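Read the structure below first, then the notes.
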Amino acid sequence: QVQLVESGGGLVQPGGSLRLSCVASGRFFSISAMGWYRQAPGKQRELVATITAGGRTNYADSVKGRFTISRDNVQNTVYLQMNSLKPEDTAVYYCNLRVVDQRVWTDYWGQGTRVTVSS
């Protein structure tokens, strides 16, 4: 069973910072990528940032320059450092794990951690 456990969410004032963590555990083979997605109330889930096993990163335009994604490949952990937070960053943030097994890829999702940016 694959499980993603997220932590680090909470309430923060505009301009503040948070660091999200996601630990992947269970039975899987090669990791293709890990990433963070978010879903604000009444909106679709959207990509925030991804990082491949090789270290290539991708960011949504709205978070470029403010957020940084990183990985610990040994511990299968992905982080999202969020700086200069804005109210529009308020959302539930979900960790994503994409794995490949016999050339078949599968996505796994965490339970989500809530980030609220408000004064």
Side-chain angles (χ1 to χ4, degrees):
Q1 301 183 48
V2 176
Q3 186 176 33
L4 303 177
V5 179
E6 300 143 331
S7 62
L11 174 65
V12 64
Q13 294 183 346
S17 298
L18 285 174
R19 183 177 175 87
L20 306 183
S21 300
C22 173
V23 180
S25 62
R27 298 174 181 174
F28 53 85
F29 295 101
S30 299
I31 296 175
S32 179
M34 298 187 74
W36 292 94
Y37 294 71
R38 67 186 181 187
Q39 187 169 20
K43 296 185 177 180
Q44 299 259 32
R45 186 176 299 185
E46 64 177 354
L47 180 147
V48 178
T50 60
I51 183 168
T52 68
R56 181 181 179 183
T57 58
N58 182 45
Y59 296 92
D61 289 341
S62 60
V63 307
K64 286 181 179 178
R66 299 189 297 121
F67 292 8
T68 302
I69 189 170
S70 60
R71 275 187 63 184
D72 183 334
N73 290 335
V74 176
Q75 297 184 349
N76 292 328
T77 303
V78 64
Y79 305 93
L80 185 68
Q81 178 66 47
M82 304 185 294
N83 298 325
S84 302
L85 284 162
K86 304 175 180 179
E88 50 262 45
D89 295 318
T90 296
V92 177
Y93 285 70
Y94 296 91
C95 180
N96 169 259
L97 168 67
R98 174 166 289 185
V99 302
V100 292
D101 184 6
Q102 301 296 315
R103 300 186 63 185
V104 177
W105 60 263
T106 304
D107 281 335
Y108 297 92
W109 298 91
Q111 80 288 348
T113 184
R114 184 177 299 275
V115 173
T116 302
V117 184
S118 179
S119 59

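Bear in mind the structure is a predicted one, so any value in this text is a computation, not a measurement.
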So CZ of R103 and OG of S30: to nearest 0.5 Å the spacing works out to 13.5 Å
Classify the angle between the aromatic ring planes of Y94 and W109 as parallel (below 30°), tilted (30 to 60°) or perpendicular (above 60°).
perpendicular
Is any side-chain N of the basic residue among D89 and K86 closer than 4.0 Å to the acidic one's carboxylate O?
no
Could you state whether V117 and V92 fall into the same hydrophobic cluster, counting links through intermediate Ile, Leu, Val, Met, Phe, Trp or Tyr residues with side-chain heavy atoms under 4.5 angstrom apart?
no
Check for me, please, whether V12 and F67 land in the same ILVMFWY cluster - side-chain distances under 4.5 Å, paths through other members count.
yes
Separation of T57 OG1 from K64 NZ (nearest 0.5 Å)
9.5 Å
Do V23 and V48 sit in the same hydrophobic cluster, where Ile, Leu, Val, Met, Phe, Trp and Tyr count as joined when their side-chain heavy atoms come under 4.5 Å apart?
no
Are W105 and V99 linked, directly or through intermediate hydrophobic residues, by side-chain heavy-atom contacts shorter than 4.5 Å (ILVMFWY only)?
no
Taking all heavy atoms of R71 and all of A53, pick out the closest pair and write down the distance.
NH1-CA, 3.2 Å
To the nearest 0.5 angstrom, please state how far the OH atom of Y37 sits from the CG atom of L80.
12.5 Å
For R98 and S32, indicate whether the former's side chain and the latter's backbone hold a donor-acceptor pair under 3.5 Å.
no
If two hydrophobic side chains count as joined below 4.5 Å and joins carry through other members, does V2 share a cluster with V100?
no
CD (Q13) with more than 12 external heavy atoms under 6.0 Å:
no
Flag, side chain of T116 to backbone of T90, donor-acceptor distance under 3.5 Å:
no
Minimum heavy-atom distance C95-V78, with the two atoms named
SG-CG1, 3.7 Å
What's the spacing between Y59 OH and I69 CD1 if we round to 0.5 Å?
6.5 Å
What is the minimum heavy-atom distance between E6 and T113, and which atoms define it?
OE1-N, 3.8 Å
How long is the straight-line distance from OG of S7 back to OH of Y79, given to the nearest 0.5 Å?
9.0 Å
So do L97 and N76 actually touch side chain to side chain, heavy atoms under 4.5 Å?
no
Heavy atoms only: give me the nearest S17-S84 pair and the separation to one decimal.
OG-N, 4.3 Å
Test applied, side-chain contact (heavy atoms from CB on, under 4.5 Å); reference residue, Y93; option that passes from M82, Q39, R114:
M82
Could you measure the distance from the CG atom of N96 to the CG atom of D107? Nearest 0.5 Å is fine.
4.5 Å
To check you understand the geometry: which heavy-atom pair defines the closest contact between P14 and S118, and what is its length?
CD-C, 3.6 Å
